[in-house]
2 protein chains.
Amino acid sequence: MMQNPNSSLYALRKSIISNLIDTSTMTNSGKITKLKKGDLVFKECDEFHYIYILLSGSIKTFTTINSGTEKITCFYYQDDIVGFSGIDTGRYPVSAKALEASSVFRIRFNDIEKLTDKHPNLQNNMLRLMSRQIHENQNLLSLLGKTQSEKKVASFLFNIYIQSCHSSTFTTLKLPMSRRDIGNYLGITEETVSRSITKLSQNNLIAISGKKFNIVDKMKLVELIDGHPV
Amino acid sequence: MMQNPNSSLYALRKSIISNLIDTSTMTNSGKITKLKKGDLVFKECDEFHYIYILLSGSIKTFTTINSGTEKITCFYYQDDIVGFSGIDTGRYPVSAKALEASSVFRIRFNDIEKLTDKHPNLQNNMLRLMSRQIHENQNLLSLLGKTQSEKKVASFLFNIYIQSCHSSTFTTLKLPMSRRDIGNYLGITEETVSRSITKLSQNNLIAISGKKFNIVDKMKLVELIDGHPV
DNA sequence: CGTGACCTTGAGTAGGTTCAATTTGCGTGG
DNA sequence: CCACGCAAATTGAACCTACTCAAGGTCACG
């Protein structure tokens, strides 16, 4: 039951995804959808029937507060599973929008329950994946508690680096979302995001150009964020 | 599958709790523990074997960051289930400490999986409860994104009011945690918490005295927090 | 009662926001 | 393929919120 958090997460996802795709071919409910930048996968208050495997691209989820302001709750990347926060109420509590050209594999949630005898681990794996998400959100909460914006931005970038699972520090990473989106997510303004990025870059912790960046000095970065990445 | 979020949550919890207690009596694994203020239920990195039903009192969970600083991730009240964020890695990612004299009912997690035939809904209900927690965390994230501390504190208090499920605005509610804990949780200092509380009280949105408070002007409070309580 | 933890209040300061101007980057159509 | 136009990003300056440091008050518990 005990594993390295990241490799286990990867294996867990792969297992779930393969089970889900198998399930969907049996029940004929699976469907691949291509998304353009800005396309909605589902929107807040839609009835919950499907979960989505993100085959490529990236997605943000957000809630719309009264005034029409959107508040970003999560970013999803390849192999993430999107939509299961709808399980409890039967409606999606957030909207999901593609940040770039993406593709998703849609699966009917009810079909998952039906096939527990064929894939006895599936439901338990789903539990574990959700537990994982709770865990991640708690880390994010810790991030938002940081006083300094520069730390928040540093943690955010480092988190993307971690999730990418690339071994080399020199791999170029992509920021599919805008500075405004990052600010929205981190609870700071886009100007402050920009200033923090500039500062991190000037101090040679990261190198960044537009939507592409990489980690230059991993140790100093970790030190800055107090050893507590998201 | 569709219900009123709060009443369904209540029913969901009750169902899970009764199933769990039934399970534990069959397997003889259940155990009630009385806790004094400050007692630990489990600590970070302990192996995950049990989940706990909070029979009475209140509990906080927190992670310890490098430097020894604690970061509070969640507060739990009566009938909450504590500990399932340990499912994914097999160890608790947080410590849990009693905020006051409390009692918990301990259940071995493995026993839950065994009894799926006796209680077929149990695992699914657990899924829903976890989905619910993800959902709640997302709301919290939204809260921490608010710029003004006064809004954060207002949301925090309002949330306690909502969770208490009391119908009357005039019911006196309890704040089992210290101002420092609230600040830690909300990402602000205890002084700012105190000032915000004073201001909310002066403007007659709430009435507060020490650890007891109540909502005086629910409408104005909701207006202040932009209709977006945690 | 006394003692320590918790809470409140005050004054000065640092850091983030706001508003505004400019620059950069990207997709579209000529 | 280049030029245009719009969206996104950067940078600057003034303001203001929340933090820090400090002192005093309150409450619970021995």
Side-chain angles (χ1 to χ4, degrees), chain A residues 36-38 58 60 69-72 97-101 143-157 174-203 206-213 224-226, chain B residues 36-38 58 60 69-72 97-101 143-157 174-203 206-213 224-226:
Chain A
K36 293 191 304 295
K37 178 178 177 176
S58 53
K60 68 174 173 184
T69 331
E70 68 178 48
K71 169 65 198 176
I72 296 172
K97 185 181 275 190
L99 291 167
E100 59 190 320
L143 163 61
L144 289 189
K146 287 185 205 308
T147 40
Q148 288 187 77
S149 334
E150 201 182 330
K151 288 190 180 184
K152 293 188 185 181
V153 174
S155 299
F156 181 78
L157 296 177
K174 203 186 164 197
L175 278 180
M177 71 296 288
S178 69
R179 304 291 195 265
R180 178 185 294 264
D181 279 347
I182 297 174
N184 183 314
Y185 182 67
L186 296 177
I188 56 184
T189 59
E190 62 178 315
E191 291 95 329
T192 302
V193 172
S194 189
R195 280 184 248 269
S196 300
I197 285 179
T198 303
K199 207 168 164 194
L200 288 171
S201 181
Q202 280 172 354
N203 295 342
I206 61 166
I208 190 162
S209 166
K211 304 255 182 218
K212 294 190 183 295
F213 77 101
L224 171 68
I225 60 190
D226 204 24
Chain B
K36 294 191 303 297
K37 179 177 177 175
S58 52
K60 69 174 172 184
T69 331
E70 69 179 49
K71 168 66 197 174
I72 296 172
K97 184 182 275 189
L99 291 167
E100 59 190 321
L143 164 62
L144 290 189
K146 287 187 207 305
T147 39
Q148 289 186 76
S149 329
E150 201 182 330
K151 288 190 181 186
K152 293 188 185 181
V153 174
S155 298
F156 181 78
L157 297 176
K174 202 186 166 196
L175 278 180
M177 70 296 288
S178 70
R179 304 290 194 264
R180 179 185 294 265
D181 280 347
I182 297 175
N184 183 314
Y185 182 66
L186 296 177
I188 57 184
T189 60
E190 62 178 315
E191 292 96 327
T192 303
V193 173
S194 189
R195 281 185 249 270
S196 299
I197 284 179
T198 303
K199 208 169 164 194
L200 288 170
S201 181
Q202 280 172 352
N203 296 340
I206 63 166
I208 191 161
S209 166
K211 303 254 183 217
K212 294 191 183 292
F213 77 101
L224 171 68
I225 61 190
D226 205 24

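Worth saying up front: this structure is predicted, and the values here are computed from it rather than measured. Residue numbering restarts at 1 for every chain, and letters A, B, ... go by the order of the sequence lines.
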Dot-bracket encoding of pairs in DNA chain C, which uses [ ] for pseudoknotted crossings and | for another strand, Watson-Crick or G-U under 3.5 angstrom | ||||||||||||||||||||||||||||||
Please name all residues satisfying side-chain contact (heavy atoms from CB on, under 4.5 Å) with B/Lys199, sequence neighbours left out, ordered by chain then number.
->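 Expected list: B/Glu150, B/Asn203.
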Not counting sequence neighbours, which residues clear side-chain contact (heavy atoms from CB on, under 4.5 Å) with B/Ser149? List them please.
->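 For B/Ser149 the side-chain contact (heavy atoms from CB on, under 4.5 Å) partners, ignoring immediate neighbours, are B/Ile188, B/Thr192, B/Ser196.
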Rounded distance [0.5 Å steps], CD1 in B/Ile225 versus NZ in B/Lys152 |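 Between atom CD1 of B/Ile225 and atom NZ of B/Lys152 there are 14.0 Å.
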With the side chain of [X] defined as its heavy atoms from C-beta on, choose the nearest nucleotide among [options].
X        : options                : value
B/Thr189 : C/dT18, D/dT20, D/dA9  : D/dT20
B/Thr192 : C/dG16, C/dT18, D/dC19 : D/dC19
B/Ser149 : C/dT17, D/dA8, D/dA18  : D/dA18

Side chain of [X], backbone of [Y]: donor and acceptor closer than 3.5 Å?
X        : Y        : value
B/Ser178 : B/Asp181 : yes
B/Thr198 : B/Ser194 : yes
A/Ser155 : A/Lys151 : yes

Does A/Ile208 reach the side chain of A/Leu200, with side-chain heavy atoms less than 4.5 Å apart?
->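 No - every pair of side-chain heavy atoms lies 4.5 Å or more apart.
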So which of residues 194-203 of chain A are in contact with DNA chain C, with a heavy-atom cut-off of under 4.0 Å?
->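 Output list: A/Arg195.
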Please find the pair of heavy atoms, one from [X] and one from [Y], that lie closest to each other, and give the distance.
X        : Y        : value
B/Ile206 : B/Leu157 : CD1-CD1, 3.7 Å
A/Asn184 : A/Ile72  : OD1-N, 2.9 Å
B/Leu175 : B/Ile182 : CD1-CD1, 4.2 Å
A/Leu144 : A/Tyr185 : CD2-O, 4.0 Å

Within this structure, what is the [atom1]-to-[atom2] distance between [X] and [N], rounded to whole angstrom?
X        : N      : atom1 : atom2 : value
B/Gln148 : D/dC15 : CD    : C1'   : 15 Å
A/Ile188 : C/dG15 : CD1   : C1'   : 12 Å
B/Ile208 : C/dC7  : CD1   : P     : 10 Å
A/Glu150 : C/dA14 : CD    : C1'   : 14 Å
B/Leu99  : C/dA5  : CG    : C1'   : 15 Å
A/Lys151 : C/dG15 : NZ    : P     : 12 Å
A/Asp181 : D/dA8  : CG    : C1'   : 11 Å
B/Ile182 : D/dA18 : CD1   : P     : 16 Å

Between protein and nucleic acid, restricted to nucleotides 21-25 of chain C and to nitrogen or oxygen atoms under 3.5 Å apart, what atom pairs and distances do you find?
none

For [X], report the nucleic acid contact type (base, sugar-phosphate, nothing); a contact means any heavy atom under 4.0 Å.
X        : value
A/Gly183 : nothing
A/Lys152 : nothing
B/Lys37  : nothing

Does A/Arg180 have a side-chain nitrogen or oxygen under 4.0 Å from the phosphate oxygens OP1 or OP2 of D/dA8?
->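 Result: no.
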Compare side-chain N and O positions of A/Lys211 against OP1 and OP2 of D/dA9 and report whether any pair is under 4.0 Å apart.
->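 So the side chain of A/Lys211 is within the cut-off, an N or O lying under 4.0 Å from OP1 or OP2 of D/dA9.
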Hey, are A/Glu100 and A/Lys211 close enough for a salt bridge, meaning a charged N less than 4.0 Å from a carboxylate O?
->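 So A/Glu100 does not pair with A/Lys211 through a salt bridge.
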Identify the pairs formed between an N or O of the protein and an N or O of nucleotides 5-7 of chain D at a distance under 3.5 Å, and give each distance.
none

Indicate, yes or no, whether a donor-acceptor pair under 3.5 Å links the base of C/dC19 to the side chain of A/Glu191.
->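 Answer is yes: a donor-acceptor pair is held.
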